[in-house]
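Have a look at the structure below, then the notes.
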Amino acid sequence: KNLSGVIDIADFFKFLHEPRSIVGDTIFELVDCRSTIAITFTEFFYAVLTYCFFEVEEVLRFIFFIFDRDKNGYIDHDEFMFIVKIIHGLGPDEAFKGNVKIMMEYLQKELNPDGKVDFKEFKAFHKQFPALFHPAFRIQLELIRRTMGERWWAKMKVQHQNRKEWAKSVEKRRQRSERARTMRLDNRKVRKRMGFWRYY
């Protein structure tokens, strides 16, 4: 509003009608924002583009990555409780309420006895209780609605997926062509070594 060329991060979350949280802040860390107070247009653009293009599994991986502090592929039970509290805007000493309380009581019985939650289990929890990590998906939905709209993003995702599939097919053709070239060169070497008559 003051034409300074930067947006205050607190104002960004007000624009989304979302409380500022570790999940929201990490979106900006993901695109290497230089400041924790304000963002430039380029940082805003890349943060929105990155998070809005995430599919369900990528959002879950993103949440898991934030809280897997040691990056060892699992989260312990206490960290898992901490995640759910942060995502739902609860303080460390606050108790779970309503549906979240019911879900957490059920999940505590389901958690692995080894005291660890890996990504597969984390993903299964989301499938069983979609509301568990809903606030992280709500941020994405608000970004989609308040930037270009759901139809525009859906169209862009389809185009992006088509480009990825096209790039994969081009790479596969290149690999096939490279294998065929290698085989031709090998055959040529064998033919040279054996001589024309012996080879045929």
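We use all heavy atoms of the structure for the numbers below, so side chains are in, but hydrogens, waters and symmetry mates are not.
Close placement of the Phe54 and Tyr51 rings is indicated, their centers lying within 6.0 Å of each other.
Grouping the Ile, Leu, Val, Met, Phe, Trp and Tyr side chains by contacts below 4.5 angstrom, directly or via other members, places Phe41 with Ile7. Note on Val56 and Ile63: same hydrophobic cluster, where clusters join Ile, Leu, Val, Met, Phe, Trp and Tyr whose side-chain heavy atoms are under 4.5 Å apart, directly or indirectly. Leu49 is connected to Phe28 through a chain of hydrophobic side-chain contacts under 4.5 Å among Ile, Leu, Val, Met, Phe, Trp and Tyr, so both are in one cluster. A single hydrophobic cluster is seen to contain both Met156 and Tyr46, as judged by linkage of ILVMFWY side chains at heavy-atom distances under 4.5 Å, directly or through other members.
Thr50 places no side-chain N or O within 3.5 Å of a backbone atom of Ala47 that could act as its donor or acceptor partner.
Take Glu58 and apply the side chain to side chain donor-acceptor pair (under 3.5 Å) test, not counting sequence neighbours, and it matches no residue. Residues meeting the ring-ring contact (aromatic ring centres under 6.0 Å, His included) test with His160, sequence neighbours left out: Phe53.
Taken from CG in Leu141 to CH2 in Trp153, the straight-line distance is 12.5 Å, to the nearest 0.5 Å. The CZ atom of Phe12 sits 10.0 Å away from atom CD of Glu18, with the distance rounded to the nearest 0.5 Å. Taking NE2 of His134 as the reference point, atom CD1 of Ile139 lies at 10.5 Å (rounded to 0.5 Å). Distance check: Glu121 CD to Phe64 CZ gives 9.5 Å after rounding to the nearest 0.5 Å. For the atom pair CZ of Phe119 and CD of Glu57, the computed distance is 4.5 Å after rounding to the nearest 0.5 Å. Of the inter-residue distances, the one linking Gln175 atom CD with Lys172 atom NZ reads 9.0 Å to the nearest 0.5 angstrom.
Using a cutoff of 4.0 Å between basic side-chain nitrogens and carboxylate oxygens, Glu165 and Lys168 are not scored as salt-bridged. In this structure, Glu142 does not pair ionically with Arg138, as no charged nitrogen and carboxylate oxygen lie closer than 4.0 Å.
Counting heavy atoms from C-beta outward, Arg181 and Arg184 have side chains that approach closer than 4.5 Å. Proximity of Lys120 to Lys123: side-chain heavy atoms (C-beta onward) are nowhere separated by under 4.5 Å. Inter-residue side-chain proximity for Ile9 and Ile39 is flagged as met; some heavy-atom pair is nearer than 4.5 Å.
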For this session: Using the side chain to side chain contact (heavy atoms under 4.5 Å, CB included) rule, take Leu185 and Arg188 through it: C-alpha gap first, then chi angles, then the decisive distance, then the call.
Result: CA-CA 5 Å; Leu185 287 171; Arg188 204 174 292 167; 4.1 Å; yes

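By the 30° and 60° cut-offs, the orientation of the rings of His126 relative to Phe137 is parallel.
Nearest heavy-atom pair, Val48 versus Leu143, reported as atom, atom and distance to 0.1 Å: CG2-CD2, 3.9 Å.
Applying the salt bridge (Lys or Arg N to Asp or Glu O under 4.0 Å) test to every pair with at least one member in residues 148-161, sequence neighbours left out, gives these pairs: Arg145-Glu150.
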